[in-house]
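What follows is a set of notes on a single structure, which appears directly below.
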Amino acid sequence: MAEETTVAAAVVVDAIDVEPASVEDALRIVLRKSLEVNGLIRGLSEVARSLDRRVAHLCVLAEDCDDEGYKKLITALCKQNNIDLVEVKERATLAQWAGLQKFDAAGNAKKTYKCSCVAIRDFGERTKALEMLLEKLQ
């Protein structure tokens, strides 16, 4: 007879649905989830268009943006249309969270772009990170 072996199922904890340690971790998770469901808008013209049409639910702006007019435009559109605005410190970090980074075959970062602004049109699934972020925005 064949010998029966029992395989213990490994408990896999979903890294996305864990309680984030900070607001930045929560924002990173929410941006990744939004990118997965094609709900992330990147680029000045696309973000400005989505803010003007009131399609976006949340806008993320980098503090170290070079152009002050750019920052004023995004801030004014968010205030005018009652869209939440979150600021992050660096453009490179925002680009990394938004998926604007190229990797080589070994998985090392080959090129990192800079991104001054992104908007979220669709959050994807409801996670603890999204709940934490929305609670902080209230």
Do the side chains of Leu137 and Leu58 get nearer than 4.5 Å, heavy atoms only?
-> yes

Val37, Leu31: one ILVMFWY side-chain cluster at the under-4.5 Å cut-off?
-> no

Lys72 NZ to Glu68 CD distance, which is reported to the nearest 0.5 Å | 6.5 Å

Is it true that Val30 and Leu40 fall in one hydrophobic cluster, defined by side-chain heavy atoms closer than 4.5 Å?
-> yes

Give the minimum heavy-atom separation between Tyr113 and Ala95, together with the two atoms involved.
-> O-CB, 3.0 Å

Main-chain N/O of Ala62 paired with Ser116 side-chain donor or acceptor, under 3.5 Å | no

Got a donor-acceptor contact below 3.5 angstrom from the Thr75 side chain to the Lys71 backbone?
-> yes

Evaluate side-chain contact (heavy atoms from CB on, under 4.5 Å) for Val60 paired with Trp97, printing each intermediate quantity in order.
-> CA-CA 11 Å; Val60 184; Trp97 292 347; 6.0 Å; no

Single-linkage hydrophobic cluster Ile83~Leu134, side-chain heavy atoms < 4.5 angstrom = no

Can you measure from CE (Met132) to CG (Leu27) and round to the nearest 0.5 angstrom?
-> 10.5 Å

Over 12 non-hydrogen atoms of neighbours within 6.0 angstrom of CD in Glu87 | yes

Are Tyr70 and Leu85 co-members of a hydrophobic cluster defined by side-chain heavy atoms under 4.5 Å apart?
-> yes

Short N-O contact, Lys33 and Glu36, less than 4.0 angstrom | yes

Full working for side-chain contact (heavy atoms from CB on, under 4.5 Å) between Val118 and Leu61 = CA-CA 7 Å; Val118 296; Leu61 180 66; over 6 Å; no

What is the minimum heavy-atom distance between Gly99 and Leu35, and which atoms define it?
-> CA-CD2, 3.9 Å

Applying side-chain contact (heavy atoms from CB on, under 4.5 Å), run through Ile29 and Leu133 and close with a yes or a no.
-> CA-CA 10 Å; Ile29 293 169; Leu133 188 62; over 6 Å; no

Does Val23 share a hydrophobic cluster with Phe123, counting links as ILVMFWY side-chain heavy atoms below 4.5 Å and allowing steps through other members?
-> yes

Could you go through the side-chain contact (heavy atoms from CB on, under 4.5 Å) check for Glu24 and Thr93 one step at a time?
-> CA-CA 10 Å; Glu24 285 188 351; Thr93 305; over 6 Å; no

Is a side-chain N or O of His57 found less than 3.5 angstrom from the main chain of Arg121, in a donor-acceptor match?
-> yes

For Ile120, does its backbone N or O pair with a side-chain atom of Ser34 as donor and acceptor, under 3.5 Å?
-> no

Output yes when a side-chain donor or acceptor of Asp84 lies under 3.5 Å from a complementary backbone atom of Cys59, and no otherwise.
-> no

d(Leu100 CG, Cys115 SG) to nearest 0.5 Å is 5.5 Å

Just wondering, are more than 12 heavy atoms of other shown residues or ligands nearer than 6.0 Å to CG in Asn38?
-> no

Could you walk me through whether Arg49 and Glu46 pass the salt bridge (charged side-chain N to carboxylate O under 4.0 Å, His left out) test, one step at a time?
-> CA-CA 5 Å; Arg49 189 177 310 131; Glu46 291 291 323; 2.9 Å; yes

Taking the side chain from Asn81 and the backbone from Leu51, do they hold a donor-acceptor pair closer than 3.5 Å?
-> yes

Could you pull out the closest heavy-atom pair between Cys117 and Ile74, with the gap in Å?
-> SG-CG2, 3.9 Å

